[in-house]
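Beneath this line is the structure, given in structure tokens, with notes to follow.
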Amino acid sequence: MNWPSLPLEEWRDTCATLHMWTQIVGKVRLAQTPLVNHWWNVPLYVSARGLTTTAIPYGDISFEMEFDFVDHKLEITCSHGQSTSLALEPKSVATFYRETMDALRQLGLDIHIWHMPVEIIDPIPFDEDEQHASYDPEYVNRFWQVLRSSEKVMQEFRARFVGKCSPVHFFWGSFDLAVTRFSGRPAPVRPDADVITREAYSHEVISHGWWPGQGPLGKAAFYSYTAPPPDGLNQAKVQPEQAYYNADMGLFLLLYEDMRTASNPEAVLMDFLESTYEAGANLANWDRSSLERT
């Protein structure tokens with residue numbers, strides 16, 4: 001598998017710009033699909049060339065939007081045979097927003113989205129954002145290679161669980177690849193939670209994922225959290241030895257650089273996924289014998 005170097009400081013501006021571009025495309029999918037439990041109608045998916053919405057309904061037809069991180073373009077294809085594409089190159093979020101919405105209209109797709117970004121500090125409306133305008137194709141391709149390799153390991157991890165489990169999907173709000181296992185039991189209602197959080201955490205979960213480093217950590221990392229967190233989780237022993245519990249964030253972390261430089265990165269990542277799941281499931285008294293493939 002391909003695990004390239006991906007220090008955030010080398011592509012921070014590109015990462016921030018791409019985050020906004022994926023939100024625009026993701027909001028198109030959100031606008032056109034019915035709500036699925038835990039917002040599973042919202043994410044993008046790792047594809048053979050980048051990230052895709054998969055088929056989206058529109059009247060009697062369907063269409064798909066795919067970020068191609070090989071030839072660096074946004075492809076929009078329709079079931080009625082028409083298609084178009086936009087170049088992925090240095091341009092502002094406002095320009096990308098305008099080009100994307102124009103392209104949809106030219107294909108006969110009259111779609112309207114809320115133009116405010118979500119899950120970031122100090123959001124700028126898409127149609128006004130001239131601040132984020134970077135695109136480094138080398139680092140975007142590296143980002144996709146990490147997604148592709150991570151998705152393969154996470155798919156194997158997912159296959160070992162026979163209980164309710166999410167797809168391996170990419171959430172454009174938090175800009176992370178994630179897979180979530182469920183105990184099958186409802187979770188206590190969070191009285192101060194917003195509508196998004198209430199839907200996402202209506203049931204007990206153990207979630208794993210990878211993000212490229214935006215936010216307080218500032219480094220690419222794999223994570224694991226159990227919600228609601230059982231007593232003693234922060235003291236649990238997990239693998240590999242470089243993994244640790246971050247009390248401020250309330251989750252286990254394995255830095256991407258520690259994983260990718262290991263002699264067997266895939267085995268190290270699987271150890272992290274399995275050991276953090278076992279720690280959460282055991283402490284939360286999940287019925288593992290009925291949830292796991294034997």
Side-chain angles (χ1 to χ4, degrees), residues 16 18-46 51-58 63 65 93 97 100-101 104 109-129 132 154 158 163-212 214-217 223-230 233 246 248-251 280 284 286:
L18 184 62
H19 188 180
M20 295 302 95
W21 292 1
T22 62
Q23 290 211 10
I24 292 168
V25 171
K27 281 172 177 275
V28 172
R29 185 175 190 227
L30 171 62
Q32 291 300 119
T33 53
L35 174 64
V36 177
N37 49 290
H38 318 295
W39 303 104
W40 291 353
N41 60 304
V42 169
L44 305 178
Y45 297 90
V46 177
L51 287 169
T52 179
T53 59
T54 69
I56 302 172
Y58 185 87
F63 69 99
M65 305 177 74
V93 170
Y97 173 77
T100 300
M101 303 313 289
L104 290 170
L109 306 169
D110 185 22
I111 297 170
H112 302 273
I113 66 172
W114 187 41
H115 64 181
M116 285 298 295
V118 295
E119 300 187 50
I120 63 167
I121 298 172
D122 300 325
I124 305 170
F126 298 135
D127 55 349
E128 300 175 14
D129 187 355
H132 300 105
M154 291 164 74
R158 181 180 186 271
K164 176 181 171 182
C165 188
S166 78
V168 181
H169 44 200
F170 184 84
F171 278 104
W172 40 264
S174 47
F175 208 59
D176 63 331
L177 186 70
V179 62
T180 303
R181 293 176 170 184
F182 291 74
S183 71
R185 301 186 301 244
V189 176
R190 302 183 182 192
D192 58 344
D194 58 28
V195 63
I196 295 175
T197 303
R198 285 198 302 272
E199 176 64 34
Y201 297 105
S202 61
H203 289 69
E204 295 179 350
V205 300
I206 299 176
S207 191
H208 295 84
W210 176 83
W211 67 73
Q214 75 282 11
L217 187 63
Y223 65 79
S224 171
Y225 63 84
T226 301
L233 185 64
N246 185 304
D248 292 334
M249 301 176 73
L251 41 68
W286 283 26

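Predicted, not measured: the structure shown is a model, and the values here were computed from it.
- The shortest side-chain heavy-atom distance between His203 and Ser183 does not fall under the 4.5 Å cut-off.
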>> Between Met154 and Leu177, does the side-chain contact (heavy atoms from CB on, under 4.5 Å) criterion hold? Intermediate values first, please.
In response: CA-CA 9 Å; Met154 291 164 74; Leu177 186 70; 3.8 Å; yes
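- Within the 4.5 Å cutoff, the side chain of Tyr97 has heavy atoms near those of the Ile113 side chain.
- In this structure, Val179 and Pro167 have side chains that are not in contact, with every pair of non-hydrogen atoms separated by 4.5 Å or more.
- Closest of all the heavy-atom pairs between Cys165 and Arg158 is O-NH2, 3.4 Å.
- In this structure, CH2 in Trp40 is found 10.0 Å from CD in Glu199, a value given to the nearest 0.5 Å.
- For the pair Tyr225 and His208, the minimum side-chain heavy-atom distance is 4.5 Å or more.
- Of all heavy-atom pairs between Pro117 and Gln23, the closest is CA-OE1, 3.3 Å.
- Rounding to the nearest 0.5 Å places NE2 of His115 at 9.0 Å from NZ of Lys27.
- Looking at Ile24, Thr22, Val25 one by one, the single match for side-chain contact (heavy atoms from CB on, under 4.5 Å) with Trp172 turns out to be Thr22.
- We find the CD-OG distance between Gln214 and Ser174 to be 8.0 Å, quoted to the nearest 0.5 Å.
- Less than 6.0 angstrom separates the ring centroid of Phe182 from the ring centroid of His38.
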>> Working note: Leu30 + Asn41, criterion side-chain contact (heavy atoms from CB on, under 4.5 Å); need CA distance, chi angles, decisive distance, verdict.
In response: CA-CA 7 Å; Leu30 171 62; Asn41 60 304; 4.1 Å; yes
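- To the nearest 0.5 Å, atom NZ of residue Lys164 and atom CG of residue Asn37 are 4.5 Å apart.
- A distance below 6.0 Å separates the ring centres of Phe175 and His19.
- With Gln32 contributing its side chain and Ile56 its backbone, the two residues share no donor-acceptor pair below 3.5 Å.
- Looking at Leu104 and Met65, their side chains come closer than 4.5 Å, going by heavy atoms from C-beta outward.
- Ring centroid separation for the pair Tyr223 and Trp211 comes in under the 6.0 Å cut-off.
- The side-chain heavy atoms of Val93 and Trp21, taken from C-beta on, include a pair separated by under 4.5 Å.
- Trp39 is listed as a side-chain neighbour of Ile196, based on a closest heavy-atom distance under 4.5 Å.
- Between Pro186 and Ser202 there is no side-chain heavy-atom pair separated by less than 4.5 Å.
- Contact record, Trp286 with Arg185: CD1-NH2, 3.6 Å, taken as the closest heavy-atom pair.
- The minimum heavy-atom distance between Gly280 and Thr226, with the atom names listed, is CA-OG1, 3.5 Å.
- Summarising the geometry of Pro43 relative to Arg29, their closest heavy-atom pair is O-NH1, 2.5 Å, with the distance given to 0.1 Å.
- Ring-centre distance between Phe171 and His169: below the 6.0 Å cut-off.
- Atom OG1 of Thr180 sits about 10.0 Å away from atom CD1 of Ile206, to the nearest 0.5 Å.
- Once rounded to the nearest 0.5 Å, the distance linking CG of Leu109 with CD1 of Ile111 reads 5.0 Å.
- The shortest non-hydrogen separation linking Asp194 to Thr197 is OD1-N, 2.7 Å.
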>> side-chain contact (heavy atoms from CB on, under 4.5 Å) for Met101 and Asp127? Distances and angles first, verdict last.
In response: CA-CA 11 Å; Met101 303 313 289; Asp127 55 349; over 6 Å; no
